[in-house]
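The structure presented is a predicted model; accordingly, all values stated were derived computationally and were not measured. These values consider heavy atoms only, across backbone and side chains, with no hydrogens, waters or symmetry-generated copies.
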Amino acid sequence: MKTANKALKARQSVDQISELTTNRLSVYLRCLNTLDGAGVRTISSQALAEQFHLNAAQIRKDLAYFGEFGVRGVGYYVRDLKRHLRQILGLDQKLRVAIMGAGNLGLALADYPGFRQEGFEIAALFDTSSGKVGQQSRGGVPIHDIGELKKIVRRDSIRIAVIAVPASAAQNVLGLVVAAGIKAVLNFSPGTLAVPPEVKIKSVDLTVSLESLSFFLAQGEPDEE
């Protein structure tokens, strides 16, 4: 019973933390990586905010959700805070990722070096094309038949799936991903996908982003006579 109550409290705590907060934690981590690379040992919230155009009060508020990290008169120890943020974000463990779709986007994502630097290992690509199955990306990520998804997810302990397939196939592929036991999904296919409540999905619609930029340009340009 105590274990169940503890798990419930932890779940409630996570639910109280907004996605905007976790996004900002990622920003803080990038800033700390830069500082650490420059040999900076300590920094105050005010100096951190000024250097990276952030909000000092927001930094303190966000960090306060997870404990007391600052030292009065010193500020934050950069490496210690980096370590804490990596633990909070789950980056202190290797996370294996599968990419659904071995097209141009899927192959580009598979070989992006930044993922590995942050602790994400692209373990496999999946596709339905017999001409691609059995091949590898340029970086050596193997391409499997999508029918092997559940077996490989279990074998390689894959935790995250990236969907990079055409919109017409996205919902069906998502169903296979969920059936394989994956509960975290990054979706690059346009449109809205239906997922069960226990699965977390984040969507990146490049077209919507470009249209937003187009709107910005359109509003800033005078009408032609």
Side-chain angles (χ1 to χ4, degrees), residues 6-7 10-11 13-14 17 19 21-37 62-63 65-67 69 76-103 105-127 132-165 173-174 176-188 195-196 198-204:
K6 185 176 181 181
R11 180 71 257 171
S13 176
V14 169
I17 299 167
E19 195 161 320
T21 299
T22 59
N23 289 345
R24 287 192 295 267
L25 293 183
S26 294
V27 172
Y28 304 156
L29 181 57
R30 300 291 180 278
C31 298
L32 292 166
N33 285 337
T34 299
L35 292 170
D36 191 26
D62 289 338
L63 295 179
Y65 280 115
F66 305 96
F69 302 111
Y76 302 111
Y77 286 99
V78 171
R79 288 193 175 180
D80 284 348
L81 186 55
K82 264 183 59 176
R83 177 170 53 82
H84 286 304
L85 289 184
R86 289 186 64 83
Q87 290 174 342
I88 291 166
L89 292 169
L91 299 176
D92 56 334
Q93 57 183 317
K94 182 179 290 185
L95 291 169
R96 291 190 173 93
V97 180
I99 296 179
M100 316 305 296
L105 178 57
L107 290 170
L109 291 170
D111 290 339
Y112 174 59
F115 294 141
R116 185 175 293 274
Q117 292 169 9
E118 293 303 322
F120 298 97
E121 177 188 348
I122 308 301
L125 284 148
F126 291 89
D127 208 281
K132 294 178 181 179
V133 172
Q135 304 297 315
Q136 295 182 341
S137 71
R138 289 185 179 181
V141 180
I143 303 173
H144 302 279
D145 187 284
I146 199 167
E148 300 290 305
L149 178 62
K150 183 177 291 188
K151 180 183 75 175
I152 293 172
V153 163
R154 290 177 179 173
R155 184 192 72 190
D156 295 346
S157 300
I158 292 171
R159 304 282 303 282
I160 300 174
V162 177
I163 294 181
V165 300
V173 168
L174 177 59
L176 296 175
V177 165
V178 173
I182 293 176
K183 298 187 181 302
V185 179
L186 178 61
N187 172 47
F188 279 91
V195 294
E198 71 273 12
V199 174
K200 175 67 174 179
I201 187 169
K202 287 183 68 70
S203 293
V204 179

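Looking at Val195 and Val185, their side chains never come closer than 4.5 Å, going by heavy atoms from C-beta outward. Counting heavy atoms from C-beta on, the side chains of Leu85 and Lys82 never come closer than 4.5 Å. The side-chain heavy atoms of Arg159 and Lys94, taken from C-beta on, include no pair separated by under 4.5 Å. Side-chain contact between Leu63 and Tyr76 is present, with at least one heavy-atom pair separated by less than 4.5 Å. Put simply, the side chain of Phe66 reaches to within 4.5 Å of the side chain of Leu25, judged on heavy atoms. Between Leu174 and Asn187, the closest side-chain pair of non-hydrogen atoms is not below 4.5 Å.
The existence of a salt bridge linking Asp92 and Arg86 is excluded, since no basic side-chain nitrogen approaches an acidic carboxylate oxygen closer than 4.0 Å.
Around the CZ atom of Phe69, the shell of radius 6.0 Å holds more than 12 heavy atoms that belong to other residues, nucleotides or ligands.
The CD1 atom of Ile163 lies 11.0 Å from the CZ atom of Phe188; values are rounded to the nearest 0.5 Å. Separation of atoms CG (Leu109) and CG (Leu186) is listed at 8.0 Å; rounding is to 0.5 Å. One distance of note links CG of Leu32 with CZ of Arg79; it measures 12.0 Å at 0.5 Å rounding. To the nearest 0.5 Å, atoms CG (Leu91) and OG (Ser26) are separated by 7.5 Å. Going from atom CD of Gln135 over to atom CG of Leu107 covers 10.5 Å, rounded to the nearest 0.5 Å. Atom CG of residue Leu125 and atom NZ of residue Lys132 lie 9.5 Å apart, to the nearest 0.5 angstrom.
In terms of heavy-atom proximity, Val178 sits nearest to Pro196 at CG1-CG, 3.9 Å. Residues Ala161 and Val177 approach most closely at CB-CG1, 3.6 Å, considering heavy atoms.
Not counting sequence neighbours, Arg83 has no partner by the side chain to side chain donor-acceptor pair (under 3.5 Å) test. For Arg24, the side-chain contact (heavy atoms from CB on, under 4.5 Å) test picks out Leu20, Thr21, Tyr28, Gln58, Asp62, with sequence neighbours left out.
Using bins of under 30°, 30° to 60° and over 60° for the plane-to-plane angle, the ring pair Phe120/Phe115 lands in the perpendicular bin.
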Only pairs under 3.5 Å count here: list side-chain donor-acceptor contacts from residues 141-154, not counting sequence neighbours, and write none if there are none.
residue: Asp145; atom: OD1; partner: Gly147; partner atom: N; Å: 2.7
residue: Glu148; atom: OE1; partner: Lys151; partner atom: NZ; Å: 2.6

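Looking at Asp127, its side chain does come within 3.5 Å of a backbone N or O of Ala102 through a donor-acceptor pair.
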